[in-house]
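What follows is a short report on a single structure.
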Protein chains: 2
Amino acid sequence: MNQTGQEAERLKRCGLKKTRGRENVMKTLEAAKCPVTAEKIFWELKKQRKEISLSTVYRILGTLVKKEIAKRTGSDENGRAMFELNRHIHRHYLVCLGCHKMIPVEHCPLGELEKRLEQETGFSVTGHSLEIYGYCADCQKQMLTKKKEK
Amino acid sequence: MNQTGQEAERLKRCGLKKTRGRENVMKTLEAAKCPVTAEKIFWELKKQRKEISLSTVYRILGTLVKKEIAKRTGSDENGRAMFELNRHIHRHYLVCLGCHKMIPVEHCPLGELEKRLEQETGFSVTGHSLEIYGYCADCQKQMLTKKKEK
DNA sequence: GTAGATGCAAAGTCTTTGCATGTGT
DNA sequence: ACACATGCAAAGACTTTGCATCTAC
């Protein structure tokens with residue numbers, strides 16, 4: 001469902017050399033389907049015996065962000081930067097505060113709001129970020145079972 | 001419009017001692033009206049000759065967040081954590097990518113979406129974050145004038 | 001008087017950078 | 001060949017923590 005070389009092509013279009021590191025990082029982002037930290041990518045690749053250094057992961061992510069292939073989204077619960085592919089389909093997530101799972105939401109309800117705000121304020125909207133927090137079904141069950149948090 | 005002692009009272013309710021530092025940090029958050037970094041608070045107080053150490057600012061913010069008097073929102077363009085008072089009125093911001101100004105938006109259009117998502121996914125929503133990015137009227141003007149960005 | 005708050009400096013994290021080496025075109 | 005990518009270690013930036021001192025209650 002994902003022909004090899006898709007990443008290579010995207011890199012070439014941006015005038016970037018096709019390298020082992022870049023392809024692997026991009027594949028990992030592709031596979032992730034939601035925002036991940038640099039370190040997560042690093043360990044994911046380590047697990048797959050694809051050696052790379054963490055600083056290179058950061059450098060690659062920096063490059064991808066600059067080329068708008070990826071984007072840096074807020075930060076995780078520990079303040080680490082998160083990255084995801086700049087997909088054409090626009091997406092938001094339900095973020096579980098228990099297990100930090102991120103569930104994609106298909107529908108984006110903001111277009112109309114943005115149009116109104118532009119008219120009212122003269123602000124020119126280029127994008128937005130939206131995340132919805134709460135507890136996933138699994139974590140809700142667990143919380144009912146053991147009520148010995150903190 | 002803001003009687004002295006409002007902060008003191010809120011602290012007492014949370015079982016926290018009323019100290020110079022805490023009151024000053026809370027007043028600064030109150031005055032800010034939008035998310036600020038620890039360092040911004042630090043400099044703001046310095047400007048007002050209210051001496052405090054940066055680590056204390058961080059510690060106070062940590063305490064306020066734990067007590068849910070304040071909350072930590074994402075991070076700024078440099079990855080620094082931002083904090084704001086946990087206001088009862090729920091608010092979002094238009095964030096200018098040019099000058100980093102943050103303009104509050106009154107209307108929050110997400111209640112209905114959240115209800116639907118809860119039904120569809122079994123996720124229990126406790127909150128959300130929404131920020132809208134773009135360029136404020138001033139920055140748009142400036143960009144028309146000098147087109148020598150990067 | 002005592003538990004908790006603060007300042008300072010030191011330690012911790014996460015991220016970026018300098019430099020020598022390796023690699024894609 | 002040469003520009004650019006990478007690894008490693010070191011530096012940077014932001015945040016947290018240990019400890020002695022101070023302060024609110």
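Numbered from 1 within each chain, the chains take letters A, B, ... in sequence-line order.
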Within this structure, what is the CD1-to-P distance between B:Ile60 and C:dT6, rounded to whole angstrom? 4 Å

Are any side-chain N or O atoms of B:Glu68 and backbone N or O atoms of B:Asn86, one a donor and one an acceptor, separated by less than 3.5 Å? no

In whole Å, I'd like the distance from the CE atom of B:Met82 to the C1' atom of D:dA13. 16 Å

Please check: side-chain N/O of B:Glu114 versus main-chain N/O of A:Ile132, any donor-acceptor pairing under 3.5 Å? no

Do the side chain of A:Arg20 and the main chain of A:Glu51 share a donor and acceptor less than 3.5 angstrom apart? yes

Every protein N/O within reach of nucleotides 18-25 of chain D N/O, cut-off under 3.5 Å:
unit_1 : atom_1 : unit_2  : atom_2 : d
D:dG18 : O6     : B:Arg59 : NH1    : 3.3
D:dG18 : O6     : B:Arg59 : NH2    : 3.2
D:dC25 : OP1    : B:Lys18 : N      : 3.3

Contact under 4.0 Å: A:Arg22 side-chain N or O vs D:dA5 OP1/OP2: yes

Closest-nucleotide 5' rank along DNA chain C - winner of A:Ala38 and B:Gly21: B:Gly21

Establish whether A:Leu61 and A:Leu45 are linked, either directly or via other cluster members, by ILVMFWY side-chain heavy-atom contacts under 4.5 Å. yes

So does A:Glu23 pair up with A:Arg10, basic N to acidic O under 4.0 Å? no

Measure the distance from CG on A:Leu11 to C1' on D:dT6 and round it to the nearest whole Å. 15 Å

In this structure, how many angstroms lie between the C1' atom of D:dC14 and the CZ atom of A:Arg80, rounded? 14 Å

Pairing of A:Lys47 and A:Glu44 as salt bridge, 4.0 angstrom limit: yes

Polar side-chain atom of A:Arg72 near backbone of A:Ala81 as donor-acceptor pair, under 3.5 Å: no

For B:Ser129, is there any backbone N or O sitting under 3.5 Å from a side-chain donor or acceptor partner on A:Glu131? no

How many whole angstroms separate atom CG of B:Leu61 from atom C1' of C:dA5? 14 Å

Near DNA chain D, which residues from residues 39-54 of chain A have a heavy atom under 4.0 Å away? A:Glu51, A:Ile52, A:Ser53

